[in-house]
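A short write-up of the structure that comes next.
When reading the values below, keep in mind they use all heavy atoms of this one structure, side chains included, and skip hydrogens, waters and symmetry mates. Values in this document were obtained by computation on a predicted structure and should not be read as measured data. A note on names: the letters A, B, ... follow the listed sequences, proteins ahead of strands, and every chain is numbered from 1.
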There are 2 protein chains.
Amino acid sequence: MHDTSADRPPVVSTAVALFTIRDDALQVLLVPAGDGTLALPGTTPRHDEGLVAAARRVLAEAAGAEDVWLEQLYTFGDPTRNPAHREVAVTWYALVAADRAPAANAADAPAAGDGAARWAPVAALPALALDHRRIVDYAVQRLRNKLEYTTVGFQLLPARFTLGELQRVYEAILGRPLDKRNFRRKVELLGIVRPTREMRRAGAQRPAQLWRFAATEAPEAIGGPPANTAATPPVELLRVARLSPSLRRGPSRSAVTPPENPAAPERGSAA
Amino acid sequence: MHDTSADRPPVVSTAVALFTIRDDALQVLLVPAGDGTLALPGTTPRHDEGLVAAARRVLAEAAGAEDVWLEQLYTFGDPTRNPAHREVAVTWYALVAADRAPAANAADAPAAGDGAARWAPVAALPALALDHRRIVDYAVQRLRNKLEYTTVGFQLLPARFTLGELQRVYEAILGRPLDKRNFRRKVELLGIVRPTREMRRAGAQRPAQLWRFAATEAPEAIGGPPANTAATPPVELLRVARLSPSLRRGPSRSAVTPPENPAAPERGSAA
DNA sequence: CCAAAAGTGTTTCGAGTACACCCATGC
DNA sequence: GCATGGGTGTACTCGAAACACTTTTGG
């Protein structure tokens with residue numbers, strides 16, 4: 001601050017891990033790095049451009065995603081992390097509903113275009129540039145935590161959703177099955193969802209009630225930074241009394257003849 | 001990352017909020033800023049010096065504090081936060097036991113020397129430079145949260161302590177009284193303290209058992225960054241099942257004739 | 001003997017969890 | 001009629017919370 005031993009000043013950069021749910025799996029957005037590997041989308045903040053603004057610009061350019069939930073993750077500045085040059089990377093993570101990231105949606109099914117962004121499931125990541133793998137891992141860990149006591153999860157769903165969809169989002173992120181009845185009771189009891197008049201009928205099953213997120217009044221907005229004066233947050237987040245932690249594993253997978261060996265799979269205590 | 005519109009690159013700086021408990025109150029270390037106000041100690045990382053290393057250097061220089069608990073807080077990079085020049089500040093918070101910060105301890109009682117660091121209670125902060133007030137507030141918020149599900153609290157105590165001292169640390173940070181019996185039971189039940197053979201006798205009261213932190217084996221180290229390969233953590237932190245959250249407000253202040261109006265003071269749900 | 005902090009158990013309440021069956025639909 | 005997901009209620013357990021008196025010491 002008042003000690004300025006500026007020799008070769010580090011470059012400030014930004015990297016963003018954008019998550020979505022596709023195929024009931026948590027996926028990250030990746031872009032081709034220079035060296036054949038993939039990387040998190042990123043940029044260098046322009047002068048007069050704030051760090052948040054830079055991150056949002058990255059999201060808009062790489063994924064066509066605007067107004068998404070965005071939170072700062074960590075700042076990496078180890079001199080050895082980038083062999084090319086000293087770089088201080090301010091990293092972020094962001095969430096979009098699958099229906100709200102046009103660019104990234106277009107360029108996926110075809111085996112990846114050129115400079116095109118593509119989604120990759122976090123459960124099976126390809127090789128990533130630099131320490132980006134670590135960044136993704138850390139973001140997932142954070143997301144898991146936040147999922148348990150906030151309503152971030154809703155950022156991954158469209159405006160209208162069924163409770164089944166909501167539960168699958170939770171299960172995909174936490175990596176463990178939840179009990180349907182407990183999940184529903186708790187979600188309704190917390191008052192964070194409101195039923196709409198619409199129903200969704202999809203295929204050969206009973207139509208499902210559509211719900212919406214009840215982010216009204218926002219009793220206390222929470223999130224990463226000490227948001228004091230600055231711009232209004234693009235999305236609302238509620239702090240709730242533990243949404244899922246309690247909701248342990250759901251019913252046994254096989255309803256018939258439950259195998260009596262309770263000690264092999266499913267650990268899930270996670271990092 | 002691959003888009004480099006580097007015009008006037010921002011300066012990277014570091015600021016650290018070092019906390020301790022003195023006089024049963026949470027206090028921060030402040031140093032004189034250029035302009036008559038006080039500021040958090042900080043510096044600019046040297047080339048080839050990591051961000052963590054820079055923060056530790058600040059702590060050593062400003063407070064003579066080594067091997068303290070240190071965690072990254074947030075990175076502020078709003079172009080307007082420092083009118084002088086574009087600055088990206090990577091901020092940290094740190095904890096020391098009162099008996100382990102020599103420099104800061106020397107320079108306090110006398111009405112502040114010249115370049116000397118001094119402690120200020122967070123409950124009554126003087127005017128701080130730039131957005132440092134906001135940084136302190138955010139750090140306190142984070143500390144409160146971490147206190148509830150980790151053992152950070154022990155970083156604020158000497159190696160041997162009484163359960164009364166431990167409880168006062170919790171109360172000072174959380175800003176609310178805790179129930180003595182519930183607190184002790186839980187702490188012992190969690191197995192995070194071990195009794196020593198020593199007793200402390202201090203003045204006109206029953207001597208107190210001395211305890212130590214039971215940070216053995218460290219079932220899972222937790223903290224800020226995704227510590228993967230790098231150096232071994234200087235201190236151990238355990239994740240515990242809620243140390244205090246439950247411990248609501250303690251016994252009514254006046255044991256005699258408890259006033260029957262339960263609706264005025266004590267809110268404490270905090271931000 | 002008085003003040004001051006240390007130390008110690010029990011009861012109540014509610015959240016968390018486990019668990020199984022019927023319903024509405026499309027094919 | 002059958003496969004598929006939607007929808008619903010209860011009982012048990014355990015942690016969280018409230019609560020008051022005795023002990024040891026120094027002055």
**Prompt:** Are B:E165 and B:R200 close enough for a salt bridge, meaning some N to O gap below 4.0 Å?
**Reply:** yes
**Fill in**
Comparing A:A204 with A:M199, nearest DNA chain D nucleotide closer to 5' gives the residue A:A204
**Prompt:** B:N182 has an atom CG; how far is it from atom P of C:dT11, in whole Å?
**Reply:** 15 Å
**Prompt:** Hey, which of these two, B:Q205 or A:P207, hits DNA chain C nearer its 5' end, going by closest nucleotide?
**Reply:** B:Q205
**With A:R160 via side-chain hydrogen bond (donor to acceptor under 3.5 Å, both in side chains) - residues at least two apart** = A:E198
**Request:** Can you figure out which of D:dC19, D:dG7, D:dG26 approaches the side chain of A:A208 most closely?
**Result:** D:dG7
**A:R168 CZ to D:dT4 P, straight-line distance once rounded to whole Å** = 14 Å
**Closest listed nucleotide, where the reference is the side chain of B:R206 and the choices are D:dT23, C:dG26, D:dT8** = D:dT23
**Request:** Starting at atom CG of B:D179, determine the distance to atom P of D:dG15, rounded to an integer number of angstrom.
**Result:** 18 Å
**Message:** Check this for me: does the side-chain of A:R185 come within 3.5 Å of the base of D:dG9 through a donor and an acceptor?
**Reply:** yes
**Item:** Integer-rounded Å distance: D:dG27 C1' and B:R201 CZ
**Value:** 15 Å
**Request:** Examine the base of D:dG7 for any acceptor or donor lying under 3.5 Å from a partner atom in the side chain of A:R181, and report the outcome as yes or no.
**Result:** no
**Fill in**
A:R200 atom CZ is separated from C:dT25 atom P, nearest whole Å, by 16 Å
**Prompt:** Side-chain contact, heavy-atom cut-off 4.5 Å: A:I173 with A:R144?
**Reply:** yes
**Item:** Euclidean distance, atom CG of residue B:L210 to atom C1' of C:dG7 [Å, nearest integer]
**Value:** 14 Å
**Item:** Protein-nucleotide distance (B:L190, atom CG; D:dA16, atom C1'), rounded to Å
**Value:** 13 Å
**Request:** Look at the side-chain N and O atoms of B:K186 and state whether any lies under 4.0 Å from the OP1 or OP2 oxygen of D:dA16.
**Result:** yes
**Request:** Check the side chains of A:R142 and A:N145 for a donor-acceptor pair under 3.5 angstrom, ignoring hydrogens and angles.
**Result:** no
**Asked** In whole Å, what is the span from the CD atom of B:Q209 to the C1' atom of C:dA5?
**Response** 15 Å
**Partner residues of B:F161 under the ring pair (Phe, Tyr, Trp, His ring centres under 6.0 Å) criterion, sequence neighbours left out** = B:F154
